[in-house]
Amino acid sequence: MVGEVDDVTLPKATVQKIISEVLDSDLTFSKEAREIIIECGVEFIMMLAGSASEIADKELKKTIAPDHVIKSLQDLEFDEFIPPLEEILHQHKENQKIRERRDAKFKKSGLSEEELLRQQEELFRQSRSRLQQTSSVSDVSGNEPETALKTEEF
């Protein structure tokens with residue numbers, strides 16, 4: 001298992017993007033400092049996952065749940081992380097509900113994906129047609145002839 005741990009890392013570009021968002025625009029971050037952040041991040045994730053796994057094991061659960069992660073944060077004395085994590089979890093659950101409703105609406109429509117795509121293409125065609133008619137009217141009236149040329153490219 002030790003060999004596997006050495007191979008674990010976080011994407012450098014992603015970490016650099018996160019660091020850049022946090023830093024003032026006049027500050028730079030060395031590659032060595034980024035590597036330390038990556039190593040600390042990996043270590044933190046491993047500690048948190050290990051602790052959450054132990055909690056799940058004690059509860060005879062085979063899946064680590066958000067409650068296990070929250071309890072792990074408490075056990076590791078990272079209490080300040082819990083409120084933002086709970087907010088993220090709440091937002092995730094809300095997004096899941098929206099996705100489930102959208103998927104249910106799709107399934108209840110009784111239409112295949114191909115039929116829905118065909119309908120979408122037809123709506124696009126109608127929209128382009130209306131746009132071209134509008135621009136043709138503008139072109140004839142002498143208003144905004146550039147618009148008529150641009151819409152013809154579609």
Side-chain angles (χ1 to χ4, degrees), residues 1 4-5 7-29 33-138 144 147-148 150-154:
M1 177 110 174
E4 292 176 22
V5 171
D7 296 339
V8 176
T9 188
L10 297 172
K12 291 178 183 177
T14 302
V15 172
Q16 186 62 47
K17 183 177 179 187
I18 293 168
I19 291 169
S20 297
E21 289 178 9
V22 173
L23 288 181
D24 291 333
S25 60
D26 60 334
L27 294 175
T28 59
F29 211 80
R34 183 186 65 207
E35 289 300 318
I36 291 171
I37 294 287
I38 289 172
E39 289 177 31
C40 290
V42 169
E43 184 65 26
F44 176 75
I45 292 168
M46 291 176 63
M47 285 177 20
L48 187 60
S51 176
S53 178
E54 289 175 13
I55 292 169
D57 284 344
K58 287 178 186 174
E59 295 179 7
L60 304 174
K61 304 285 184 177
K62 295 196 181 259
T63 302
I64 296 172
D67 291 341
H68 300 133
V69 176
I70 291 170
K71 176 71 170 112
S72 295
L73 286 170
Q74 290 170 337
D75 291 351
L76 295 170
E77 299 180 2
F78 287 105
D79 295 324
E80 67 274 10
F81 289 6
I82 295 171
L85 176 64
E86 288 175 332
E87 179 60 34
I88 290 167
L89 181 59
H90 173 73
Q91 188 61 44
H92 174 72
K93 287 179 180 180
E94 290 299 315
N95 290 341
Q96 281 296 109
K97 288 179 187 176
I98 292 168
R99 262 188 233 116
E100 288 171 5
R101 278 185 252 144
R102 185 184 63 225
D103 290 348
K105 184 177 178 181
F106 167 71
K107 289 176 183 174
K108 288 179 182 178
S109 74
L111 301 173
S112 68
E113 187 174 348
E114 293 80 20
E115 179 61 21
L116 290 170
L117 286 172
R118 190 196 66 68
Q119 287 180 2
Q120 182 182 36
E121 286 299 320
E122 177 61 22
L123 290 170
F124 286 152
R125 187 193 64 71
Q126 290 173 3
S127 179
R128 280 191 297 272
S129 177
R130 281 193 301 271
L131 182 62
Q132 287 174 348
Q133 288 174 354
T134 303
S135 63
S136 296
V137 170
S138 295
E144 302 180 26
T147 306
K150 289 180 184 174
T151 56
E152 300 267 329
E153 295 173 7
F154 284 99

Nearest heavy atoms of [X] and [Y], plus distance in Å:
X	Y	answer
L85	I70	CD2-CG1, 3.7 Å
R34	I19	CG-CD1, 4.0 Å
L76	S51	CD1-CB, 4.3 Å

| query | Counting only heavy atoms not in E21, do more than 12 sit closer than 6.0 Å to its CD atom? | reply |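 Enclosed: over 12 neighbouring heavy atoms sit under 6.0 Å from CD of E21.
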
| message | Looking at E113, I want to see if its CD is surrounded by more than 12 non-hydrogen atoms of other residues, nucleotides or ligands under 6.0 Å. | response | no

Roughly how far, to the nearest 0.5 Å, is the [atom2] atom of [Y] from the [atom1] atom of [X]?
X	Y	atom1	atom2	result
K93	I88	NZ	CD1	13.5 Å
I64	E59	CD1	CD	11.0 Å
S127	Q132	OG	CD	10.0 Å
I36	F29	CD1	CZ	8.5 Å
I38	K12	CD1	NZ	6.0 Å
K61	S53	NZ	OG	14.0 Å

Taking C-beta and beyond as the side chain, do [X] and [Y] meet within less than 4.5 Å on heavy atoms?
X	Y	result
I45	V8	no
Q119	L111	yes
F78	L48	no
Q96	E100	yes
I55	D75	yes

| query | Can you tell which of K97, Q91, H92 makes a side-chain contact (heavy atoms from CB on, under 4.5 Å) with N95? | reply |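 Only match with N95 under side-chain contact (heavy atoms from CB on, under 4.5 Å): Q91.
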
| request: Determine the sole option in L116, L123, L117 for which the side-chain contact (heavy atoms from CB on, under 4.5 Å) test with Q120 is passed. | output: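 Of the listed options, the one satisfying the test is L117.
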
| What do the steps show when you test H68 against K71 for side-chain contact (heavy atoms from CB on, under 4.5 Å), and what is the final call? | CA-CA 5 Å; H68 300 133; K71 176 71 170 112; 5.7 Å; no

| request: Kindly indicate, with the supporting measurements, whether the criterion side-chain contact (heavy atoms from CB on, under 4.5 Å) is fulfilled by E43 and E39. | output: CA-CA 6 Å; E43 184 65 26; E39 289 177 31; over 6 Å; no

| field | Donor-acceptor contact below 3.5 Å, side chain S129 vs main chain R125 | value |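 It does not hold such a pair.
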
